[in-house]
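I have placed the structure first, in the form of structure tokens, so that the comments after it can refer back to it.
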Amino acid sequence: MRLPDYIDFIIIGSGIAGLGTAVNCSKYGQTLVITKSTLLESNTYFAQGGIAAAIAPGDSPEAHYKDTLVAGADLCESDAVSVLVQNGPKRVQDLIAMGTHFDTTPSGSFDFGREGAHSIARILHARGDATGAELASVLANKAKEIPNIIIAENCLVADLIIQDNRCIGCWVLNDEGQFQAVTAKGTVIAAGGCGQIYKHTTNPWVATGDGIAMAYRAGAEIVHMEFVQFHPTALKNHNNPLFLVSEAVRGDGGKLITEEGKRFMVGVHPMEELAPRDVVARAIYHQQKAGREVFLDATSIKNFSSRFPTIYKACTEVGINPLTDPIPITPAAHFIMGGILADTYGRTNIQSLYVCGESACVGVHGANRLASNSLLEGIVFSERIVECLKDESSLPAVPPLSSHLEKPVVSAPVLEDTVRETMWSYAGLIRTEKDLLKALSKLDEIKMSAPINAYTLHNMLDVAKLIVSGALYRKESRGGHYRLDYPDQDAHWKELMVEHSIGSQPKLVLRTKRDSVLSFNDL
Ligand SMILES: Cc1cc2nc3c(=O)[nH]c(=O)nc-3n(C[C@H](O)[C@H](O)[C@H](O)COP(=O)(O)OP(=O)(O)OC[C@H]3O[C@@H](n4cnc5c(N)ncnc54)[C@H](O)[C@@H]3O)c2cc1C
């Protein structure tokens with residue numbers, strides 16, 4: 001399908017951030033959602049555990065705020081976290097009004113789940129462990145009903161179009177294999193994360209970091225890329241992606257054990273199996289390094305098959321019965337805390353370019369995301385960015401554009417796998433300067449042999465290099481970033497961000513720069 005040449009708003013991506021934004025901004029103009037696969041192929045769809053919001057009796061936004069800051073290891077932006085937790089309950093009500101059915105107890109009240117580093121059971125879930133599928137379907141149906149929204153599936157956004165530091169649209173490879181320019185008053189990147197640059201990941205194939213890579217190439221500032229969250233418990237086998245065994249299983253009493261049946265989280269952290277994800281993932285990694293297989297023993301959860309129907313099915317399909325057998329697990333790349341620097345209205349340092357969801361770094365996750373806060377981030381900020389997006393002025397007459405992207409796209413699966421292997425081996429859960437330098441030189445080697453029109457590979461390489469160079473610069477360990485050669489958290493680094501912008505070396509900037517960088521928007 002040929003896409004419109006001009007539209008009011010372009011939304012890149014159809015996860016919770018993209019569809020949420022589309023539904024909201026369609027009230028103010030014609031909205032085009034461009035997504036590189038089908039509407040439902042996204043990290044959002046595969047989310048299991050649920051969405052966190054301070055709704056349960058005895059809970060409060062203040063308690064949710066505290067838990068988020070603690071998990072974020074002193075690197076969260078407090079104003080952004082306030083926006084997240086204060087707006088959470090209202091946005092969850094919006095989801096319910098759109099038709100989302102969260103699970104309830106027999107008495108009809110919400111069946112709140114408990115997850116790691118939450119001080120109270122506050123996780124709303126749907127269809128047991130298929131919360132993402134429920135939310136994605138509800139939002140997709142809503143978007144399809146709205147006449148002002150055009151949905152373009154199987155269309156790949158290759159690059160942004162920038163004129164005088166204003167984003168005026170993007171280059172799209174449409175579903176007929178033709179490149180075309182689409183221009184717009186405002187463009188929103190909601191293209192998700194980049195787990196697919198790692199050999200072991202829970203993220204589906206679409207998560208190759210395209211949004212962050214294209215923004216970087218366009219001149220956007222990118223920060224905190226060293227902070228990658230590795231989920232402790234993915235089902236261990238040879239699949240890509242690996243199937244996630246939700247943290248909610250540990251919340252309901254699942255215990256981590258070695259092949260000898262010994263629990264190893266006791267004494268590692270006061271919250272034991274429910275410690276922050278980085279702590280649990282590293283403890284598992286150490287067991288594996290010592291040659292031990294690690295399992296999640298959920299046999300004490302008597303209602304496992306009804307509480308976790310998706311996980312139950314995935315396990316039984318590979319011959320494991322979670323009611324009687326411990327589940328073999330391994331850590332896997334899961335979420336990127338860093339991304340495109342944005343304020344709490346999703347504004348970036350490029351005029352008319354907005355970002356929402358996992359591609360963004362608004363500051364709500366700090367160095368480590370609190371479980372179930374990312375679906376919340378998507379829905380809270382997709383409502384908020386529209387407050388500014390709606391006021392974008394129309395484009396001046398745009399000169400005819402010529403594309404530098406005319407060659408047919410090629411895929412480069414072998415080189416893509418080499419990126420994945422490199423990142424897992426040298427820039428994964430445990431990092432050292434020596435390994436990170438090795439990763440950099442391997443990525444440079446791959447770049448030399450990468451065909452110019454292998455767009456996905458180039459996105460993967462760009463994002464991988466941002467992670468590795470961020471990890472090299474940050475000489476401490478904090479949250480999702482662990483340096484064996486700098487194993488301690490260092491208070492000096494608390495105030496700093498590693499900032500990347502194209503054409504210059506990464507630099508260390510004060511976190512307070514966030515305000516000044518973005519303040520031009522308020523002039
Ligand atoms: C297995 C799994 C379980 C999870 N469980 C939870 C949970 O229980 N709770 C929670 O809060 N979080 C969870 N997360 C994290 C959460 O799902 C994501 O962080 C969140 O859904 C991200 O939403 P998003 O809209 O930013 O991105 P996504 O949902 O990933 O959507 C990105 C969209 O962008 C599209 N796209 C990408 N590149 C391009 C391009 N070049 N051109 C066009 N389109 C493009 C993709 O196709 C996709 O539609 C989980 C993640 C995974 C993988």
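One-based numbering, in listed order, for ligands and for the atoms of each. When reading the values below, keep in mind they use all heavy atoms of this one structure, side chains included, and skip hydrogens, waters and symmetry mates. Along the sequence shown, residues are numbered consecutively beginning with 1.
Atom 1 (C) of ligand 1 has Phe46 O, 3.5 Å as its closest protein atom, hydrogens excluded (heavy atom only). Gly13 CA, 3.6 Å is the protein heavy atom nearest to atom 35 (C) of ligand 1. The protein non-hydrogen atom at the shortest distance from atom 37 (C) of ligand 1 is Ala191 O, 3.4 Å. In terms of protein heavy-atom proximity, atom 11 (O) of ligand 1 is nearest to Leu375 N, 2.8 Å. Among protein heavy atoms, atom 17 (O) of ligand 1 sits closest to Asn43 O, 3.4 Å. For atom 27 (O) of ligand 1, the nearest protein heavy atom (residue, atom name, distance) is Gly192 CA, 3.3 Å.
Any N or O atom pair closer than 3.5 Å counts here, and Arg369 shares at least one such pair with ligand 1. For ligand 1, the polar-atom distance check against Ser14 finds a nitrogen or oxygen pair separated by under 3.5 Å. Between Ile51 and ligand 1, no pair of N/O atoms sits closer than 3.5 Å. Residue Val157 has at least one N or O atom closer than 3.5 Å to an N or O atom of ligand 1. On a distance-only criterion, Pro204 and ligand 1 share no N/O pair closer than 3.5 Å. For a threshold of 3.5 Å applied to N or O pairs, the pair formed by Asp210 and ligand 1 contains at least one separation below that value. Note: no N/O pair closer than 3.5 Å links Leu376 and ligand 1 by distance alone. Close N/O approach between Gly193 and ligand 1 is not found [any backbone or side-chain N/O within under 3.5 Å].
Interface of Thr44 with ligand 1, defined as ligand atoms under 4.0 Å from a residue heavy atom, comprises 17 (O), 20 (C), 21 (O), 23 (O), 25 (O), 28 (P), 29 (O). Interface atoms of ligand 1 facing Ala17, defined by a heavy-atom separation under 4.0 Å, are 25 (O), 26 (O). Taking a cut-off of under 4.0 Å to the non-hydrogen atoms of Ile34, the atoms of ligand 1 that pass are 43 (C), 44 (N). Heavy-atom contacts of Gly357 reach the following atoms of ligand 1: 26 (O) (cutoff under 4.0 Å). For ligand 1, the atoms lying closer than 4.0 Å to a non-hydrogen atom of Phe335 are 19 (O). Near Leu156, with a cut-off below 4.0 Å to any heavy atom, the atoms of ligand 1 are 41 (N), 42 (N). In summary, the atoms of ligand 1 found under 4.0 Å from a heavy atom of Asn373, numbered by their order in the structure, are 11 (O). Each of the atoms 32 (C), 33 (C), 34 (O) of ligand 1 lies under 4.0 Å from some heavy atom of Ala190.
The option from Glu41, His334, Lys36 that lies nearest to atom 52 (C) of ligand 1, judged by heavy atoms, is His334. Ranked by closest heavy atom to atom 9 (N) of ligand 1, the top entry among Ala360, Ser374, Gly50 is Gly50. When the heavy-atom distances from atom 3 (C) of ligand 1 to Thr38, Leu244, Ile212 are ranked, the shortest goes to Leu244. Looking at Ala47, Ala234, Gly18, it is Ala47 that brings a heavy atom closest to atom 13 (C) of ligand 1.
Heavy-atom separations between Thr35 and ligand 1 include at least one value shorter than 4.0 Å. Between Asn203 and ligand 1 there is a heavy-atom distance shorter than 4.0 Å. Using a 4.0 angstrom heavy-atom cutoff, Cys155 counts as in contact with ligand 1. Ligand 1 lies nowhere less than 4.0 angstrom from a heavy atom belonging to Gly378.
Arg114 has no carboxylate O lying under 4.0 Å from a charged side-chain N of Asp252, or vice versa, which leaves the two without a salt bridge. With salt bridges taken as basic N to acidic carboxylate O contacts below 4.0 Å, one links Glu317 and Lys313. Salt bridge status for Glu247 with Arg277: present, with a side-chain N to carboxylate O gap under 4.0 Å. Salt bridge Arg217/Asp462: present, at least one basic N to carboxylate O contact under 4.0 Å. Ion pairing between a basic and an acidic side chain is recognised when a charged N comes within 4.0 Å of a carboxylate O; Arg307 and Asp129 show no such pairing.
Remark: the Ser119 side chain and the Asp67 side chain contain an N/O donor-acceptor pair separated by less than 3.5 Å. In this model, a donor atom of one side chain and an acceptor atom of the other lie less than 3.5 Å apart for Gln180 and Asn174. Side chain to side chain, Lys36 and Thr208 meet the donor-acceptor criterion of an N or O pair below 3.5 Å. For the 3.5 Å distance criterion, the side chains of Arg384 and Tyr345 qualify, holding a donor opposite an acceptor. Gln196 and Arg420 share a donor-acceptor pair across their side chains, judged by distance under 3.5 Å alone.
Ring to ring, Phe335 and His365 are close: their centroids are under 6.0 angstrom apart. For an aromatic pair to be called close, the ring centres must be under 6.0 Å apart, and Tyr455 with Phe179 satisfies this. Checked against the 6.0 Å centroid criterion, the rings of Tyr312 and Phe308 do not qualify as a close aromatic pair.
With Ser411 contributing its side chain and Pro413 its backbone, the two residues share no donor-acceptor pair below 3.5 Å. Remark: the backbone N or O of Arg127 is paired with a side-chain donor or acceptor of Asp103 at under 3.5 angstrom.
One finds the OG atom of Ser137 at 5.5 Å from the CG atom of Leu40 (value rounded to the nearest 0.5 Å). Distance CG/Leu242 to NE2/His334: 12.0 Å, rounded to 0.5 Å.
Shown are Val249, Asn373, Ile123, Leu370; of these, the side chain to side chain contact (heavy atoms under 4.5 Å, CB included) with Glu115 is made only by Ile123.
By the criterion of a heavy-atom distance under 4.0 Å, both the backbone and the side chain of Glu358 are placed next to ligand 1.
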